[in-house]
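Inspection log for the structure reproduced underneath, given as structure tokens.
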Number of protein chains: 2
Amino acid sequence: MSARTTLADVAAAAGVSVSTASLAFSGAGPISPATRTKVLEAAGTLGYQGPNPLGRQLRSGRAGIVGVVVGDSLRRSFRDPVSIQVLDGLATSIESLGLGLLLVRGSDEPGAEELNPLVATAAMDVAVLLWGATTDSPVLAALRARGVPIVVVEGRVGEGDALIRIQDRTGMRLIGEHLLALGHRRIATVTLPFDRDGREGPADPARLTHMRYEIARRRLAGLRDAGVEPTVVYETPASLVELGTAAGRALLSSPDRPTAIVAQSDLLASGVLLAARELGLSVPGDVSIAGFDGLDLPWLHPDVLTSVHQPLQTKGELIGRAVADLLAGKKPRTRTLDVSLVVGTTTGPAPV
Amino acid sequence: MSARTTLADVAAAAGVSVSTASLAFSGAGPISPATRTKVLEAAGTLGYQGPNPLGRQLRSGRAGIVGVVVGDSLRRSFRDPVSIQVLDGLATSIESLGLGLLLVRGSDEPGAEELNPLVATAAMDVAVLLWGATTDSPVLAALRARGVPIVVVEGRVGEGDALIRIQDRTGMRLIGEHLLALGHRRIATVTLPFDRDGREGPADPARLTHMRYEIARRRLAGLRDAGVEPTVVYETPASLVELGTAAGRALLSSPDRPTAIVAQSDLLASGVLLAARELGLSVPGDVSIAGFDGLDLPWLHPDVLTSVHQPLQTKGELIGRAVADLLAGKKPRTRTLDVSLVVGTTTGPAPV
DNA sequence: AGGACCCATCAAAACGATTCGACGTGCTCC
DNA sequence: GGAGCACGTCGAATCGTTTTGATGGGTCCT
């Protein structure tokens, strides 16, 4: 018990060489069933639990680990069911590849104050940047310097990184067209953060010109693609219900109240919906509300959000496939997933 | 680029021995500032990004990784904010120890159909079983066979495992006393799963006798400690809002409607609350509702659940400390965290 | 001036496995 | 009956680092 039993011990006990014992476990290479069972029996009596992963890893040069870099606080990152579902798909996907999932907090502050040392030192064969990596992210730089292959999700991709994303611009265009067809003309939008400075409130034109995060930018552009010019672009610092509620209160109690509000996430949209209920407004009678992501939010009952569904589970699996491709030495590619508009109970004809 | 540069290369370039180069990086042992910078410069020009973790790990015998075993599906496990917050606390805590967090799916089906191979093969220095491990869990058995030190959270502990838990029995007693003091006599309870068979609905006495999961058992016992004998014990297969709603509908539309409902989690309680609203019942006028965990649920606005607060973040940190202790070779202990009753807007005097 | 230290450096031995090439067998085929 | 072949086994090298014990030169003390 004190000194862990090693493959050499097992080999000695079984009366074979270390290499043969190794073959008995790995199954690679020819070995007679007789010796194989002999080795396995010896392992059994010695309480040997299979080859030490550390030794195997060093020799093979592979850690068997995929580093998943999430936002600086897990609590904040995982408060959004979107992340969870993607992570779930990813986990099952890479598990079937025999890989483990290392969770790495990684602030992408370009000030590079203090980079999580794990990013630089932890053993990982591939890294997945789960949200909106920006090109100036120090995490990205550190990983690239280490030569770790990178999969970026919904961000801006650098040379040689794989990218997985959805058609969010198209999705938003669909919502815009849907609302226009219903006769809406005064449409406001509640957006995801433009930048990491935590700004909250209506964005002035100047702020709209340089948006750091791709997601907010693309989704806003999608709305414009439909020909919708939002009366107000209300920015939030995170995708949280309470921030949606705050935005909803502000937008819905203004004198020139919009007839429709499009939020860039379902969590924000549900906040807006709660604000509308709170103000005694009928949805969609007085105001239509649409979101993005296609989450299942039971506590919104009996309402069902009109939203753009993205295949979150599939997204995770696709990330897993990208990981496998990179490990196999294939060239990194960009894959874009389809989305679909699903009309719920929260959008209807514009009030006359 | 093809063959990764190694410490030996750096040493050669700097004109020193490998051991000296190692010292330059690790900082252990004496080394002159001059040679140190010389080595670091050589590393810089060669693009060497510090010692290969795999080599270091093999030599030191430590992977620098804590395996966190969660339920069989991340999506289901992390749907509850409770888990997220604990994980967040744990992540920051072990990060400060310089350790990484390996997420491992682990079904604890005692049938042992197919154990996640990661449990048996992945490199980890300590394992944390995040929810309600039962003593017959094959995951537990596999880890113990490997000789991996184990921290169990809210489960039944085996010999030699550390255990972190909260005073949930006391917490439930507090809720029971609170309701009794308000004059409630017909009190029903909505519970977490007793077992993993997915049963849903009122539990008959037979079922109450063998409850596999500690949490449900202890929380139910706490209510009884207060002298409350629930009129109905409504079991749910998971801590989900919609299951709470279903339970609430059933309990609140029955002829001998209870005047108070205690749920074993805030998510369940909020579901019950939604059901009450749906049925047009006044809370707490017609029925009082209490939960457990102390979550911040903004979408319940303007209601605030009466609940027992448990220090989730602290819990995560405490798990981290237990991990550190085990790594330092200290003897595993059991730590129990305090809880406190926080009265919200959802409980009031029993209707006359 | 000589001996006792001390400090920086180095060589070599782990750490635990995988894998390549070599080496015997025992068999088949001509 | 001899040459060739396939199969199973083994020895040795290798992965990249850390760490221990030894070595050498310099400094300080007596």
Side-chain angles (χ1 to χ4, degrees), chain A residues 2-40 42-43 46-65 98 120-125 146-147, chain B residues 2-40 42-43 46-64 98 120-125 146-148:
Chain A
S2 54
R4 274 187 75 64
T5 71
T6 149
L7 190 58
D9 302 334
V10 175
V16 299
S17 75
V18 192
S19 28
T20 307
S22 172
L23 292 183
F25 282 100
S26 68
I31 188 167
S32 80
T35 44
R36 192 186 141 83
T37 52
K38 196 168 56 178
V39 172
L40 260 39
L46 286 176
Y48 181 74
Q49 295 292 323
N52 181 326
L54 266 31
R56 178 211 297 271
Q57 285 169 17
L58 174 60
R59 176 62 232 231
S60 61
R62 288 247 171 118
I65 284 185
T121 64
M124 53 180 98
D125 301 331
R146 285 183 65 185
Chain B
S2 55
R4 274 187 78 63
T5 71
T6 150
L7 191 57
D9 302 334
V10 176
V16 298
S17 76
V18 192
S19 26
T20 308
S22 173
L23 292 183
F25 280 100
S26 70
I31 188 167
S32 80
T35 45
R36 194 186 140 82
T37 52
K38 196 168 56 177
V39 172
L40 260 39
L46 286 175
Y48 181 74
Q49 295 293 323
N52 181 326
L54 265 32
R56 179 212 296 272
Q57 286 170 18
L58 174 59
R59 176 61 232 229
S60 63
R62 288 245 172 119
T121 65
M124 54 179 96
D125 301 330
R146 284 182 66 183
V148 178

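Note on naming: letters A, B, ... go to the chains in the order of the sequence lines (proteins, then strands), and numbering restarts at 1 for each one.
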task: Figure out the CG/C1' separation between A:Leu58 and C:dT18, and round it to whole Å.
output: 10 Å
message: Main chain of A:Pro33, side chain of A:Thr37: is a donor-acceptor contact present, judged purely on distance under 3.5 Å?
response: yes
message: I need the B:Asn52 CG to A:Arg146 CZ distance, nearest 0.5 Å.
response: 8.5 Å
query: OP1 or OP2 of C:dT18 less than 4.0 angstrom from a side-chain nitrogen or oxygen of A:Ser26, does that happen here?
result: no
- prompt: Taking CD from A:Gln57 and P from D:dG16, how many angstroms apart are they, rounded to a whole number?
  reply: 14 Å
task: Taking only the side-chain heavy atoms of B:Asn52 (C-beta and beyond), determine which of D:dT17, D:dC10, C:dT18 contains the nearest atom.
output: D:dT17
Interatomic distance, B:Asp125 atom CG to A:Leu54 atom CG [nearest 0.5 angstrom]: 8.0 Å
Where A:Thr5 and A:Asp9 come nearest, the two heavy atoms and their spacing: CA-OD2, 3.3 Å
- prompt: When only distance counts, do a donor and an acceptor, one from the side chain of A:Arg59 and one from the base of C:dT18, lie under 3.5 Å apart?
  reply: yes
statement: Separation of C:dA8 atom C1' from B:Lys38 atom NZ, nearest Å, is 11 Å
field: Phosphate OP1/OP2 of D:dT9 contacted by A:Thr20 side-chain N/O (<4.0 Å)
entry: no
task: Could you check whether B:Tyr48 gets within reach of a base, just the sugar-phosphate, or nothing at all, counting any heavy atom under 4.0 Å?
output: sugar-phosphate
- request: Would you tell me if any nitrogen or oxygen in the side chain of B:Thr6 comes within less than 4.0 Å of OP1 or OP2 on D:dG16?
  value: no
message: OP1 or OP2 of D:dT18 versus the side-chain N and O atoms of B:Ser60: is any pair under 4.0 Å?
response: no
task: Confirm from the modelled atom types if B:Ser19 and C:dA11 form a donor-acceptor pair under 3.5 Å, side chain to base only.
output: yes
field: Nearest-Å distance for atom pair CD/P, residues B:Gln49 and D:dT17
entry: 12 Å
task: Would you state whether a donor and an acceptor, one from the side chain of B:Arg56 and one from the base of D:dT17, lie under 3.5 Å apart?
output: no
message: So which atom in A:Val39 and which in A:Val16 form the shortest heavy-atom distance, rounded to 0.1 Å?
response: CG2-CG2, 3.9 Å
statement: Of B:Leu54 and B:Ala28, the one whose nearest nucleotide on DNA chain D sits closer to the 5' end is B:Leu54
message: Classify A:Ser32 by what it touches in the nucleic acid, base, sugar-phosphate, or nothing, heavy-atom distance under 4.0 Å.
response: sugar-phosphate
query: Which one, D:dT9, C:dA17, D:dT17, comes nearest to the side chain of A:Ile31?
result: D:dT9
message: Classify A:Pro51 by what it touches in the nucleic acid, base, sugar-phosphate, or nothing, heavy-atom distance under 4.0 Å.
response: sugar-phosphate
- request: Give the nucleotide from the list C:dT18, D:dG16, D:dG8 with an atom nearest to the side chain of A:Pro30.
  value: D:dG8
message: Rounded to whole Å, please give me the gap between CZ in A:Arg36 and P in D:dC7.
response: 18 Å
field: A:Arg4 CZ to C:dG16 P, straight-line distance once rounded to whole Å
entry: 9 Å
message: Expressed as a whole number of angstroms, how long is the span from B:Arg62:CZ to C:dC15:P?
response: 16 Å
statement: Whole-Å distance, B:Asp9 CG to D:dC15 P, equals 11 Å
